[in-house]
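This report refers to the structure that appears directly beneath it.
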Amino acid sequence: MRGILFSLVLICITTSAFRPHVFRLRSTKLAAVDSFDFSSRSGWDGFYDGQGSQPYEWHSSISHSIIAQHLVPGDANILVLGCGTSTLSADLYDEINTAKITSLDYSTNCIELMKQKYENTGRPGLSFICGDAVKLETLDHPELFTSIVDKGLVDAIMTGDAWDTAVTDIFKGASSVLSHKGSYILVSYKLSTSAKNFLNNLPEFTFTFNLPGSNDRVSISRAVKI
Ligand SMILES: C[S@@+](CC[C@H](N)C(=O)[O-])C[C@H]1O[C@@H](n2cnc3c(N)ncnc32)[C@H](O)[C@@H]1O
């Protein structure tokens, strides 16, 4: 009986038709993934608790090289929002030889794991900090960032109540920490027309959706600071 129940839960989790906001994961932690609110900090802390050095990649159908191609050659100071335990930050650092990549997540467990994993890997410009992406105006940063990369953060925020206020605040804060004409690269589930209309109405950015490399489930978008 328990076996049948588990199989049913697994089918529900992995079938996006049942849960439009459930993420598709390359992981063995599916049962745990279903048991928390993706928009809660304590939920994410629990998710990363004791995870170890094995990364979790969200939107694994999009290669990190493709994301790197959407960054501009002069990108010298990149902020990765909601970094999780993805290898994205290190891969971007290696691939584009960027001087500085700051990766932010609000889960202390996640940031501890990432600091331990990368502290002795010979990447002096790669740093991990704990912070809230909804409050970027309060971020202590010596210089403006040239680009922001978000893979799965806005998706997670959009599963919560009052997501519209949170997303508005993220982009308002992003504008305050980005340099002139800086870009926000958004890797997210394919956006509905209403979500695109919502983003197009944000006053700080101009969006281009479905950039090359997007697929039928995941979209790469660029928002340029006005
Ligand atoms: C779907 S995961 C994506 C992780 C990683 N970027 C990847 O591609 O594998 C979303 C991440 O955003 C973080 N997060 C959610 N809300 C946040 C917020 N308000 N501020 C900072 N991080 C947040 C979560 O802790 C989680 O690590």
Side-chain angles (χ1 to χ4, degrees), residues 23 25-29 32-33 35-60 62-65 67-68 71 75-157 166 169-170 173-174 176-179 182-188:
F23 298 98
L25 271 193
R26 219 178 29 180
S27 90
T28 52
K29 228 179 170 181
V33 165
S35 65
F36 77 91
D37 172 5
F38 294 115
S39 64
S40 94
R41 184 195 293 242
S42 57
W44 282 107
D45 251 342
F47 177 74
Y48 293 118
D49 188 21
Q51 186 184 296
S53 59
Q54 193 65 15
Y56 275 82
E57 285 300 341
W58 305 79
H59 296 318
S60 58
I62 302 288
S63 79
H64 295 171
S65 313
I67 298 172
L71 293 162
D75 263 336
N77 192 11
I78 295 173
L79 175 65
V80 177
L81 288 182
C83 60
T85 54
S86 163
T87 62
L88 175 64
S89 303
D91 291 343
L92 291 179
Y93 187 90
D94 296 344
E95 189 144 342
I96 57 183
N97 226 346
T98 292
K100 246 178 123 183
I101 296 192
T102 306
S103 302
L104 173 142
D105 202 288
Y106 70 178
S107 161
T108 45
N109 286 341
C110 161
I111 293 301
E112 277 316 308
L113 285 170
M114 294 303 267
K115 280 183 173 169
Q116 275 169 27
K117 180 171 178 177
Y118 288 105
E119 66 181 346
N120 292 318
T121 60
R123 297 181 177 97
L126 188 63
S127 63
F128 294 89
I129 56 170
C130 199
D132 191 342
V134 177
K135 297 177 183 154
L136 287 177
E137 287 98 341
T138 61
L139 190 67
D140 187 17
H141 58 102
E143 305 150 79
L144 293 171
F145 297 100
T146 49
S147 279
I148 291 177
V149 180
D150 162 349
K151 179 163 74 79
L153 168 76
V154 159
D155 286 321
I157 299 276
D169 289 347
I170 288 175
S176 77
V177 300
L178 269 176
S179 57
S183 291
Y184 189 119
I185 306 294
L186 173 64
V187 181
S188 68

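- Side chain of Thr138 to backbone of Lys135: a donor-acceptor contact under 3.5 angstrom is found.
- Closest of all the heavy-atom pairs between Ile148 and Ala174 is CD1-CB, 3.6 Å.
- When all heavy atoms of Thr87 and Glu57 are compared, the closest pair comes out as N-OE2, 2.8 Å.
- For the ring-ring contact (aromatic ring centres under 6.0 Å, His included) test, residues two or more places apart in sequence or in another chain that qualify with Phe128 are Tyr118.
- At least one side-chain heavy atom of Leu139 sits under 4.5 Å from a side-chain heavy atom of Leu104.
- A distance of 10.0 Å separates CG in Asn77 from CG in Leu178, rounded to the nearest 0.5 Å.
- Partners of Asp75 by side chain to side chain contact (heavy atoms under 4.5 Å, CB included), not counting sequence neighbours, listed by chain and number: Leu71, Val72, Ile78, Thr146, Ser147.
- The distance from atom CG of Asp155 to atom OG of Ser39, rounded to the nearest 0.5 Å, is 12.5 Å.
- Every residue meeting the salt bridge (charged side-chain N to carboxylate O under 4.0 Å, His left out) condition with Lys100, not counting sequence neighbours, appears here in chain and number order: Glu143.
- Taking Ser103 as the reference, Ser89 meet the side-chain hydrogen bond (donor to acceptor under 3.5 Å, both in side chains) condition, with sequence neighbours excluded.
- In this structure, Ser188 OG and Leu153 CG are separated by 11.0 Å, a value rounded to the nearest 0.5 Å.
- With sequence neighbours excluded, no residue forms a side chain to side chain contact (heavy atoms under 4.5 Å, CB included) with Gln54.
- Every residue two or more places apart in sequence or in another chain that forms a salt bridge (charged side-chain N to carboxylate O under 4.0 Å, His left out) with Asp94 is listed here: Arg123.
- Checked against side-chain hydrogen bond (donor to acceptor under 3.5 Å, both in side chains), Asp150 has the following partners two or more places apart in sequence or in another chain: Tyr184.
- Closest of all the heavy-atom pairs between Ala68 and Ile96 is CB-CG2, 4.0 Å.
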For residues 107-117, run the donor-acceptor check on the side chains, cut-off 3.5 Å, and write out each pair with its distance to 0.1 Å, sequence neighbours left out.
residue	atom	partner	partner atom	Å
Ser107	OG	Asp45	OD1	2.7
Ser107	OG	Asn109	N	3.4
Ser107	OG	Cys110	N	3.0
Asn109	ND2	Asp45	O	2.8
Lys117	NZ	Ser53	O	3.1

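- How far CG of Asp91 is from OG of Ser63: 9.5 Å, rounded to the nearest 0.5 Å.
- With sequence neighbours excluded, no residue satisfies side chain to side chain contact (heavy atoms under 4.5 Å, CB included) with Glu119.
- By the 30° and 60° cut-offs, the orientation of the rings of Trp44 relative to Trp58 is perpendicular.
- In this structure, SG on Cys130 lies 7.0 Å from CG on Asp105, to the nearest 0.5 angstrom.
- Residue pairs meeting the ring-ring contact (aromatic ring centres under 6.0 Å, His included) criterion with at least one member in residues 76-110: none, sequence neighbours excluded.
- Taking the six-membered ring for Trp and thresholds of 30 and 60 degrees, Phe38 and Phe36 have ring planes more than 60 degrees apart, a perpendicular arrangement.
- Evaluation of the ring-ring contact (aromatic ring centres under 6.0 Å, His included) rule for Phe145 yields His141 as partners, not counting sequence neighbours.
- Every residue meeting the side chain to side chain contact (heavy atoms under 4.5 Å, CB included) condition with Ser176, not counting sequence neighbours, appears here in chain and number order: Glu137.
- Once rounded to the nearest 0.5 Å, the distance linking NE2 of His59 with CG of Leu88 reads 11.5 Å.
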